[in-house]
Amino acid sequence: DNALVRRIFSEGAFSASGMLIQNGRLYQAVAVPVLARDAVVGILITGYQIDDAAAAQLRSMTRSHISIVDESDRVLVTTLTGRRAALSEALATERPRLRAVRESGTNSSDFDLMIGGERYIAVAVPVLDVIRAAADTPAAGDAPETPAAPAMKPRVVGITLLTRSLDEELAFLRILY
């Protein structure tokens, strides 16, 4: 059940983009219909995998560890190298908070998270399935053959966790004392 494909088949969108989880991997994807004699005969989906290397690029920009979990809180991507199992254990204690983020579709407030005996501060941000669909905003001069599709409510397919080690950030204070 993929919102990108649903958008094109059921709502007549020209294209759709969003996050896609396939076989335990996360992708930023774009889907477009394949037409034959004015009928949709298929969907072409292409995407860029969001993996640990992509998360490392985000980490370099934010100075925060980046982890992405799916709907069942399975860690798909993380910059917490060698601490994936410890992160999974820590997240098991935060299921109510993660569920609230999924249900509301909004960021959590910051919270403390113990990962492998180390204290972290974290924020949970929902990963949305559908970001936008091109039928909502056709290009100038293009008239859609069908009326513009109604706005589709994005579905939360995962959560991005931004974490920073409190122990690391406060280490300089221990030197002073």
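Fair warning: this is a prediction, and the values are worked out from it, not measured in the lab.
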* Asked: Does the pair Val127 and Ile68 meet the rule for a side chain to side chain contact (heavy atoms under 4.5 Å, CB included), with working shown?
  -> CA-CA 8 Å; Val127 175; Ile68 302 174; 4.1 Å; yes

* **Sidechain-backbone polar pair: Thr79 side chain, Ala56 backbone, donor-acceptor under 3.5 Å** =>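 A pair under 3.5 Å: no.
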
* To do: Would you mind checking if Arg84 and Glu89 are paired as a salt bridge, meaning a charged N to carboxylate O distance below 4.0 Å?
  =>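 Salt bridge between Glu89 and Arg84, a charged N being under 4.0 Å from a carboxylate O: no.
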
* Asked: If you measure from the Lys or Arg side-chain nitrogens to the Asp or Glu carboxylate oxygens, is any gap between Arg59 and Asp52 under 4.0 Å?
  ->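 No, no charged N to carboxylate O under 4.0 Å.
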
* Ser64: partners by side-chain hydrogen bond (donor to acceptor under 3.5 Å, both in side chains), with sequence neighbours left out ->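 side-chain hydrogen bond (donor to acceptor under 3.5 Å, both in side chains) list for Ser64, sorted by chain: Arg164.
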
* **Set of side-chain hydrogen bond (donor to acceptor under 3.5 Å, both in side chains) partners for Asp167, sequence neighbours left out** =>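 Once residues adjacent in sequence are excluded, the partners of Asp167 under the side-chain hydrogen bond (donor to acceptor under 3.5 Å, both in side chains) criterion are Arg119.
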
Going by side-chain contact (heavy atoms from CB on, under 4.5 Å), name the residues that satisfy it together with [X], two or more places apart in sequence or in a different chain.
X      : answer
Asp110 : Ile121, Val123
Arg37  : none
Gln49  : Arg25, Tyr27, Asp51

* With a 4.5 Å heavy-atom cut-off, do Ile45 and Val30 have their side chains touching? ->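 No; the side chains remain at least 4.5 Å from each other.
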
* Does any non-hydrogen side-chain atom of Met19 lie less than 4.5 Å from one of Ile50? ->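 Side-chain contact under 4.5 Å: yes.
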
* Kindly give the cluster partners of Leu87, where membership spreads through any ILVMFWY side chain lying under 4.5 Å from a current member. =>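 Besides Leu87, the cluster holds Val69, Val75, Leu80, Leu91, Leu98, Val101, Phe111, Leu113, Ile115, Tyr120, Ile159, Leu161.
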
* **Common cluster, Phe172/Leu166, ILVMFWY with side-chain heavy-atom separation under 4.5 Å** =>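 Phe172 and Leu166: separate clusters.
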
* In terms of hydrophobic clustering (I, L, V, M, F, W, Y; side-chain heavy atoms under 4.5 Å; direct or indirect links), are Val41 and Val32 co-clustered? ->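 Yes, Val41 and Val32 fall within the same hydrophobic cluster.
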
* To do: Output, in order, the C-alpha distance, side-chain angles, deciding distance and verdict of side chain to side chain contact (heavy atoms under 4.5 Å, CB included) for Leu26 and Leu20.
  => CA-CA 6 Å; Leu26 178 68; Leu20 172 66; over 6 Å; no

* **Atom pair OG (Ser109) and CZ (Arg97), whose distance is rounded to the nearest 0.5 Å** =>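 Those atoms lie 6.0 Å apart.
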
* Could you state the interatomic distance from CZ (Arg95) to OG (Ser72), rounded to the nearest 0.5 Å? ->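 Between Arg95 CZ and Ser72 OG, I get 8.0 Å after rounding to 0.5 Å.
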
* Asked: Are a donor atom and an acceptor atom from the side chains of His65 and Thr163 found within less than 3.5 Å of each other?
  ->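 No, because no side-chain N or O of His65 sits under 3.5 Å from a partner of the opposite role on Thr163.
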
* Closest approach of Ala86 and Gly116, non-hydrogen atoms and distance? ->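 Of all heavy-atom pairs spanning Ala86 and Gly116, the closest is CB-N, 3.7 Å.
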
* Asked: Between Ala55 and Ile66, which heavy-atom pair has the shortest distance, and what is it?
  ->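 For Ala55 versus Ile66, the nearest heavy atoms are O-CG1, 3.8 Å.
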
